[in-house]
Enquirer: 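Before anything else, here's the structure in question.
Numbered from 1 within each chain, the chains take letters A, B, ... in sequence-line order.
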Amino acid sequence: MIKISFPDQSVREYPEGVSGLDIAQSLSHQLAKEVLAITVNNQLMDVTRPITTDASVKLHKWDDVEGKYAFWHSSAHLMAEALQALYPGMKFGIGPAIENGFYYDVDPGDGVVMKETDLAAVEAKMLELARQKNSFTRKDISKADALAYFQTKNDGYKLELINDLEDGTITLYEQGSFTDLCRGPHLPGTEPIKAVKLLSIAGAYWRGDEKRKQLTRIYGISFPKQKMLDEYLVLLEEAKKRDHRKIGKELELFTFSSSVGQGLPLWLPKGAALRGRLEDFLKKIQRQYDYEQVITPHIGQKELYVTSGHYAKYGKDSFQPINTPAEGEEFLLKPMNCPHHCEIYKFKPRSYKDLPIRYAEFGTVYRYEQSGELHGLTRVRGFTQDDAHIFCRPDQLKDEFKKVIDIVLYIFKTLDFANFTTQVSLRDPLNQEKYIGSEENWIKAESAIIEACEEKGLETIVETGEAAFYGPKLDFMVKDALGRKWQLGTIQVDYNLPERFELEYVGADNQKHRPVMIHRAPFGSMERFVAVLIEHTAGKFPLWLTPEQCVVLPISEKFNDYAEKVLKLLNNSDIRAVIDDRNEKIGKKIRDNELKRIPYLLIVGEKEMENGEISVRKQGDGDKGSMTVNSFVELINQEVATLLGEV
RNA sequence: GCCGUUGUAGCUCAGAGGUAGAGCACUUCCUUGGUAAGGAAGAGGUCAUGGGUUCAAUUCCCAUCAACGGCUCCA
């Protein structure tokens, strides 16, 4: 007998070789039907695998990510089986479970192109195969046997994967007529897969390498119940309604024009006003932290970027240099603000007493992003960074870094961004030629970031190979409505540019020293930040940011004059108010202005005019009763102060 | 940049080898109303652009441009 302990600390005895399924069965019949995977001593396994020693276990049902993972991973294999049946000769790359569903990268063979319209047939085949209730069978074989097997199938992709594995036992999983190289775990069988939706088809480079063949990636999702799939699809539709591109159009915040150019956003008046308010908000914080605003031009001599290293790294894939009538003169549309700020630093000799110097600028930069990368406001070719560069002494570095973390966290908190991750982006030690600067400087820079994060108690994810070419960074990542991850705030430590620009200060020892630079942008870019803000709020912006805080709605044309008077009073009190004096009934005006997401609707009719009041209706919250304009102004000011944490 | 999809009125979308339609928005008129859609009339489109096939193309084919879903990239 072996001892099996459970998450609730209870311990039970089972015969040696008992499986997760047996254990589930011993606990309850229902559990046995629902269990999808098992963790045995921290290792995720098939529920059918025998357990041979004392172990602590956790059984996973659909509610656990581990359960879903096994379910979707098995679904990927099921899809492969269906594809194999429908497309003889198809080769298979990799097919993992992902956060929402699964995919498989396949090679349908030369000249065979899979289209979106082919997916329905694959779905049908999957369900047909699932109903055969085949089991997933695990097989341990030697590497040589595995190679021999996939040799017979002539699947070069699997052969490559196996060749990269260490020598020893290799596991295959088989269900129905499909056998795959796989670590597992899988469901006991295909039967629980009751609902399948193949969502999209896309090209994906083999092993993520754009120099290698592009395979066909099919994304799908599956569920144990049709109803769950239906609900998921509704949820997807709902998420699409939050898309900033859609809301940006509806609320007249921004647009694009192919006449102006791809990826070059045009901010409409309301969007520009909202963005301006965000900028003012940050400027105010920066004043408190002793930043100084600077302004630099949109272009700079090419040499400036040769010096910084940007030209060597990005020059040939960028907007090309601007030539002038003068022979040999070349300017670059600036892709970065830092070189300009370095030149400001060099304007005069600096003393150690002057540091840190913090130069901030809402600097508009231009980068020729690949056309396929452009995406609404989140990835554009012309955008404004809420940039600043801190020039400090090495002994000030960590403190300065921590202060920037404070700024970013304050901004995220004020704007109610709760779901962000903090990522420490380090260089890839195996790929050193991507970076400039000395080993010593990189070690100093990376440890400064890691220590600052530790001292701030930030829970960070470390990603190697994600550093900028001149230094490591701390990135604040946020997801959009459809779960795509975007980098917003970023803080970077840089020993390299000060060297390249020969920045100096005179120390207490009367010797020349080199400052350290921190590059930082709490929003990242105004464009991307506003995009994510739109998706997070679904366009219902906080009162202090929203383009129009209230709208005055006269009940009929008889009250238009009074409404105008109210409007003037509000505007005089710095409340952003508009009037809707269209010849429409009040119900219509309420509906239209609710859809425009205006926070307060102010209804005025005979009653209000007599009492010198307004009836206040809060967006999404109905009638709040009537009050004087002065009390309403007070209410708004109070609410804004609360949102900004000023009370 | 690569793979796939899409492109019809300001917006959301129908449609078909014989040169266009709806709803909303817009304009005018009627209505003057009390908390999420009052009524009527009108105006609005080289059917993304350029070629080709055809008696005839917005519809079929090719190319280009742009948008969308991914991959790669992201200073």
Side-chain angles (χ1 to χ4, degrees), chain A residues 103 105 113-119 199-219 240 243 245-246 249-250 252 255-259 261-263 305 308-315 317-318 334-339 365 367-376 378-379 385 387 425 434 436 466-471 473 475 482 484 486-487 490 492 494 497 519 521 528 553-560 582-595 601-608 615-620 622-626:
Chain A
Y103 68 78
D105 285 349
V113 179
M114 282 199 68
K115 312 233 165 177
E116 237 159 67
T117 45
D118 300 328
L119 297 180
L199 295 160
S200 69
I201 193 159
Y205 299 107
W206 170 234
R207 308 197 94 177
D209 184 348
E210 65 176 325
K211 290 182 193 72
R212 305 198 65 180
K213 184 161 185 178
Q214 194 163 58
L215 305 183
T216 303
R217 175 171 297 178
I218 303 170
Y219 283 96
K240 281 184 191 155
D243 192 314
R245 293 165 295 193
K246 183 177 158 63
K249 198 184 278 180
E250 281 168 10
E252 300 186 359
T255 188
F256 290 89
S257 156
S258 50
S259 303
Q262 248 189 317
Y305 289 96
S308 70
H310 288 96
Y311 190 77
K313 181 90 178 145
Y314 298 105
D317 303 320
S318 293
K334 80 173 167 188
M336 284 293 278
N337 301 303
C338 28
V365 297
R367 299 177 183 176
Y368 191 82
E369 305 287 3
Q370 296 183 52
S371 61
E373 265 314 324
L374 301 173
H375 185 100
T378 51
R379 194 81 185 267
Q385 296 178 314
D387 211 356
S425 300
K434 278 167 68 179
I436 59 168
E466 294 295 310
F469 74 92
Y470 50 75
K473 48 188 189 144
D475 294 324
L482 285 174
R484 291 173 289 226
W486 297 100
Q487 175 202 310
T490 182
Q492 313 173 352
D494 183 1
L497 290 194
H519 308 241
R528 182 176 290 177
L553 308 179
I555 295 266
S556 83
E557 284 172 3
K558 284 191 281 188
F559 311 106
N560 282 359
R582 290 176 304 160
N583 181 4
E584 292 291 351
K585 290 173 107 168
I586 195 67
K588 170 76 165 162
K589 290 189 192 182
I590 287 170
R591 177 181 155 80
D592 288 351
N593 287 288
E594 287 265 356
L595 289 175
L601 312 188
L602 309 176
I603 292 145
V604 295
E606 187 157 16
K607 204 171 64 195
E608 289 77 12
S615 277
V616 177
R617 183 189 162 99
K618 195 168 182 176
Q619 178 201 84
D623 196 349
K624 305 308 255 182
S626 58

Enquirer: Which of these nucleotides, B:A67, B:C30, B:A36, is closest to any side-chain atom of A:Asn583?
Expert: B:C30
Enquirer: Could you work out which one of B:U35, B:A66, B:C2 sits closest to the side chain of A:Gln262?
Expert: B:A66
Enquirer: Side chain of A:Glu594: nearest nucleotide among B:C74, B:A36, B:G34?
Expert: B:A36
Enquirer: Does A:Arg617 reach a base, just sugar-phosphate, or nothing at all? Heavy atoms under 4.0 Å.
Expert: base
Enquirer: Ignoring the backbone of A:Arg367, work out which of B:A67, B:G70, B:C74 is nearest its side chain.
Expert: B:C74
Enquirer: A:Leu601 and side-chain contact (heavy atoms from CB on, under 4.5 Å): which single residue from A:Asp623, A:Asn593, A:Val616 fits?
Expert: A:Asn593
Enquirer: Respond yes when some side-chain nitrogen or oxygen of A:Lys473 is under 4.0 Å from OP1 or OP2 of B:A75, and no when none is.
Expert: yes
Enquirer: Under 4.0 Å between any heavy atoms, over every strand shown, what does A:Tyr219 touch: base, sugar-phosphate, or nothing? Just pick one.
Expert: sugar-phosphate
Enquirer: Classify the ring geometry between A:Tyr470 and A:His519 as parallel (under 30°), tilted (30 to 60°) or perpendicular (over 60°).
Expert: parallel
Enquirer: Mind checking A:Lys607 for me? I need base, sugar-phosphate or nothing, with any heavy atom below 4.0 Å counting as a touch.
Expert: base
Enquirer: To the side chain of A:Ile603, which of B:A75, B:U35, B:G33 is closest?
Expert: B:U35
Enquirer: Base, sugar-phosphate or nothing for A:Ile555? Non-hydrogen atoms, less than 4.0 Å.
Expert: base
Enquirer: How many whole angstroms separate atom CD1 of A:Ile201 from atom C1' of B:G4?
Expert: 7 Å
Enquirer: Does A:Phe559 have any ring pair (Phe, Tyr, Trp, His ring centres under 6.0 Å) partners at least two apart in sequence or in another chain, and if so, which?
Expert: none
Enquirer: Can you tell me how far C1' of B:G10 sits from NZ of A:Lys249, to the nearest Å?
Expert: 10 Å
Enquirer: Consider the side chain of A:Tyr205, meaning its heavy atoms from C-beta on, and name the nucleotide among B:A36, B:C3, B:G1 that approaches it most closely.
Expert: B:G1
Enquirer: Of the nucleotides B:A75, B:G69, B:G38, which one has an atom closest to the side chain of A:Pro335?
Expert: B:A75
Enquirer: Please work out if A:Ser615 contacts a base, only the sugar-phosphate, or nothing of the nucleic acid, heavy-atom cut-off 4.0 Å.
Expert: base
Enquirer: Could you state the atom-to-atom distance from CZ of A:Arg591 to C1' of B:G33 in whole Å?
Expert: 18 Å
Enquirer: Categorize A:Ser371 for me: base, sugar-phosphate, or nothing, with a 4.0 angstrom heavy-atom threshold over every strand shown.
Expert: base
Enquirer: Could you check how far CD of A:Glu584 sits from C1' of B:A40, rounded to whole Å?
Expert: 13 Å
Enquirer: Does A:His375 reach a base, just sugar-phosphate, or nothing at all? Heavy atoms under 4.0 Å.
Expert: sugar-phosphate
Enquirer: Expressed as a whole number of angstroms, how long is the span from A:Asn560:CG to B:U32:P?
Expert: 15 Å
Enquirer: Name the nucleic acid region contacted by A:Gly372, choosing base, sugar-phosphate or nothing; use a 4.0 angstrom heavy-atom cut-off, strictly under.
Expert: base
Enquirer: Separation of A:Lys588 atom NZ from B:U35 atom C1', in whole Å?
Expert: 15 Å
Enquirer: Under 4.0 Å between any heavy atoms, over every strand shown, what does A:Gly622 touch: base, sugar-phosphate, or nothing? Just pick one.
Expert: nothing
Enquirer: Taking donor-acceptor contacts at under 3.5 Å, does the side chain of A:Glu252 reach the base of B:G10?
Expert: no
Enquirer: In whole Å, I'd like the distance from the NZ atom of A:Lys313 to the P atom of B:C74.
Expert: 7 Å
Enquirer: Tell me which of A:Gly261 and A:Gln487 sits closer to the 5' end of RNA chain B, going by the nucleotide each one is nearest to.
Expert: A:Gly261
Enquirer: Please answer whether the main-chain N or O of A:Ala202 pairs with a side-chain N or O of A:Arg217 as donor and acceptor at a distance below 3.5 Å.
Expert: no
Enquirer: Answer yes or no: is there an ion pair linking A:Lys558 with A:Glu606, defined by an N-O contact shorter than 4.0 Å?
Expert: no
Enquirer: Ring stacking, A:Tyr470 with base of B:A75, under 5.5 Å and under 30°?
Expert: no
Enquirer: Using a 4.0 Å heavy-atom cut-off across all strands, classify A:Val113 as base, sugar-phosphate, or nothing.
Expert: sugar-phosphate
Enquirer: Got a donor-acceptor contact below 3.5 angstrom from the A:Arg528 side chain to the A:Thr378 backbone?
Expert: yes
Enquirer: Could you tell me whether the side chain of A:Arg379 has a donor or acceptor atom within less than 3.5 Å of a complementary atom in the base of B:C74?
Expert: yes
Enquirer: Ignoring the backbone of A:Phe469, work out which of B:G34, B:C73, B:A75 is nearest its side chain.
Expert: B:A75
Enquirer: B:G70 C1' sits how many Å from A:Glu116 CD, rounded?
Expert: 11 Å
Enquirer: To the side chain of A:Gln214, which of B:G70, B:G33, B:A36 is closest?
Expert: B:G70
Enquirer: RNA chain B: A:Lys115 or A:Ala204, which has the more 5' nearest nucleotide?
Expert: A:Lys115
Enquirer: Indicate yes or no: does A:Asp209 engage A:Arg207 in a salt bridge with an N to O separation below 4.0 Å.
Expert: no
Enquirer: Can you tell me how far the CG atom of A:Asp243 sits from the CD atom of A:Glu250, to the nearest 0.5 Å?
Expert: 10.0 Å
Enquirer: Please classify the nucleic acid contact of A:Arg484 as base, sugar-phosphate, or nothing, using heavy-atom distances under 4.0 Å.
Expert: sugar-phosphate
